[in-house]
Amino acid sequence: MALEPHSFMSTMEKRMGFTDEDKALLKSEASWGVEIAPEMADHFYAYLGRDPEMDEILHASEGRIHRLRETFIEWFYEMFTGMDEWGNDYADRRWKIGLIHVRIGIGPQHVVPAMATVIHQVGKRLKNDGKSEDLKESLARICMIDLAFIEQAYVVVSSTAVLNETGWSEALFRRLIASGAKAM
């Protein structure tokens with residue numbers, strides 16, 4: 001159940017309708033993106049920090065919250081620059097970010113609402129700064145692609161762990177999941 005980040009990125013771009021126009025618009029606003037990134041990091045971690053489970057994860061080691069905040073700022077800015085035109089390097093980095101979320105225990109149930117908080121706060125800044133609705137839509141599309149990488153990391157890591165531990169085939173695993181879903 002491995003994931004190939006480059007093809008996943010391509011698939012997500014098509015599914016989300018993330019176009020060359022979106023990319024050009026994001027690049028044209030990269031200086032604004034880097035300007036607001038620290039504020040968005042504050043919103044993201046303030047939201048997560050209100051949850052006792054997440055607060056414990058965020059502060060599990062000395063300096064973790066600082067490192068995570070710096071990584072968030074870099075990640076946010078990269079959505080505007082695309083690193084390599086939203087190509088292989090971008091996809092590889094997003095996959096790595098997803099795997100890190102799995103490793104430290106920041107689950108989709110935490111990331112999804114935190115990302116919604118960021119999108120909401122970006123919308124406020126867009127309005128206050130007189131930015132276009134098109135920019136909001138472009139940023140929302142790339143945010144959802146990035147979020148899909150995080151969610152997919154949980155699916156792939158969990159599935160792979162079960163398959164490795166049990167020796168089941170992927171086909172059997174998928175049948176069991178489908179049967180389990182029908183029973184619920």
Side-chain angles (χ1 to χ4, degrees), residues 1-23 26 44-45 47-61 64 67-68 71-72 74-76 78-79 82-120 122 136-184:
M1 299 202 106
L3 179 125
E4 201 291 303
H6 309 160
S7 62
F8 187 74
M9 180 70 189
S10 179
T11 299
M12 290 297 101
E13 283 187 51
K14 288 178 186 121
R15 286 184 183 158
M16 290 302 304
F18 187 63
T19 65
D20 288 340
E21 290 79 16
D22 291 316
K23 294 172 184 180
L26 288 168
F44 186 80
Y45 289 108
Y47 174 84
L48 290 174
R50 290 193 301 264
D51 180 278
E53 178 186 359
M54 272 310 308
D55 191 58
E56 186 176 321
I57 291 169
L58 294 173
H59 294 92
S61 63
R64 176 182 270 178
R67 289 187 306 277
L68 289 171
T71 300
F72 179 97
E74 189 176 337
W75 162 80
F76 189 86
E78 288 170 357
M79 286 192 298
M83 295 172 60
D84 63 342
E85 298 296 320
W86 294 269
N88 292 344
D89 291 343
Y90 189 91
D92 290 339
R93 180 146 161 81
R94 274 23 193 193
W95 181 237
K96 181 181 174 187
I97 288 170
L99 293 174
I100 290 168
H101 278 80
V102 174
R103 184 169 32 93
I104 68 174
I106 302 175
Q109 74 275 19
H110 297 108
V111 175
V112 172
M115 186 72 78
T117 298
V118 170
I119 291 170
H120 176 73
V122 166
K136 180 180 180 181
E137 294 300 320
S138 296
L139 191 53
R141 280 190 274 282
I142 194 59
C143 278
M144 292 304 103
I145 290 170
D146 284 12
L147 187 57
F149 270 99
I150 294 169
E151 291 179 327
Q152 199 62 30
Y154 272 91
V155 170
V156 170
V157 168
S158 300
S159 301
T160 301
V162 168
L163 293 175
N164 288 341
E165 191 65 28
T166 64
W168 294 344
S169 69
E170 189 173 327
L172 172 61
F173 183 67
R174 289 183 187 272
R175 276 197 322 272
L176 291 171
I177 289 174
S179 295
K182 286 179 191 172
M184 295 184 126

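Worth saying up front: this structure is predicted, and the values here are computed from it rather than measured. Nothing fancy with the numbering, it's 1 onward along the sequence.
- E137 contributes atom CD, which lies 14.0 Å from atom CD1 of I142 (distance to the nearest 0.5 angstrom).
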Return all side-chain donor-acceptor pairs below 3.5 angstrom for residues 49-58, not counting sequence neighbours, or 'none' if the list is empty.
{"unit_1": "D51", "atom_1": "OD1", "unit_2": "E53", "atom_2": "N", "d": "3.0"}
{"unit_1": "D51", "atom_1": "OD1", "unit_2": "M54", "atom_2": "N", "d": "2.9"}
{"unit_1": "D55", "atom_1": "OD1", "unit_2": "H59", "atom_2": "ND1", "d": "3.2"}

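- Applying the ring pair (Phe, Tyr, Trp, His ring centres under 6.0 Å) rule to F44 yields the partners F72; only residues at least two apart in sequence or on another chain are considered.
- For the atom pair NE2 of H101 and CD1 of I150, the computed distance is 4.0 Å after rounding to the nearest 0.5 Å.
- One finds the CE atom of M83 at 6.5 Å from the CZ atom of R94 (value rounded to the nearest 0.5 Å).
- Of the possible donor and acceptor atoms, one in the side chain of D84 sits under 3.5 Å from a partner among the backbone N and O of Y90.
- Without hydrogens or angle criteria, D22 side chain to T19 main chain gives a donor-acceptor distance under 3.5 Å.
- Under the ring pair (Phe, Tyr, Trp, His ring centres under 6.0 Å) criterion, F8 pairs with F149, not counting sequence neighbours.
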key: side chain to side chain contact (heavy atoms under 4.5 Å, CB included) evaluation trace for M144 with M12   = CA-CA 9 Å; M144 292 304 103; M12 290 297 101; over 6 Å; no

request  = May I have the step-by-step check of side chain to side chain contact (heavy atoms under 4.5 Å, CB included) for E151 and V112, ending in yes or no?
outcome  = CA-CA 9 Å; E151 291 179 327; V112 172; 3.3 Å; yes

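- Of all heavy-atom pairs spanning I106 and Y154, the tightest one is O-OH, 2.8 Å.
- For CZ of R64, the number of neighbouring non-hydrogen atoms (other residues, nucleotides, ligands) closer than 6.0 Å is greater than 12.
- M9 contributes atom CE, which lies 14.0 Å from atom CH2 of W95 (distance to the nearest 0.5 angstrom).
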request  = For I104 and L68, run side chain to side chain contact (heavy atoms under 4.5 Å, CB included): C-alpha distance rounded to whole Å, both residues' side-chain angles, the deciding distance at 0.1 Å, then the answer.
outcome  = CA-CA 11 Å; I104 68 174; L68 289 171; 4.1 Å; yes

request  = Output, in order, the C-alpha distance, side-chain angles, deciding distance and verdict of side chain to side chain contact (heavy atoms under 4.5 Å, CB included) for C143 and V118.
outcome  = CA-CA 10 Å; C143 278; V118 170; 5.6 Å; no

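- No donor-acceptor distance shorter than 3.5 angstrom exists from the side chain of Y47 to the backbone of P113, with no hydrogens or angles considered.
- For the atom pair CD1 of I145 and CH2 of W86, the computed distance is 10.5 Å after rounding to the nearest 0.5 Å.
- We find the CD1-CD distance between I97 and E78 to be 6.5 Å, quoted to the nearest 0.5 Å.
- The shortest non-hydrogen separation linking L163 to W168 is CD2-O, 3.4 Å.
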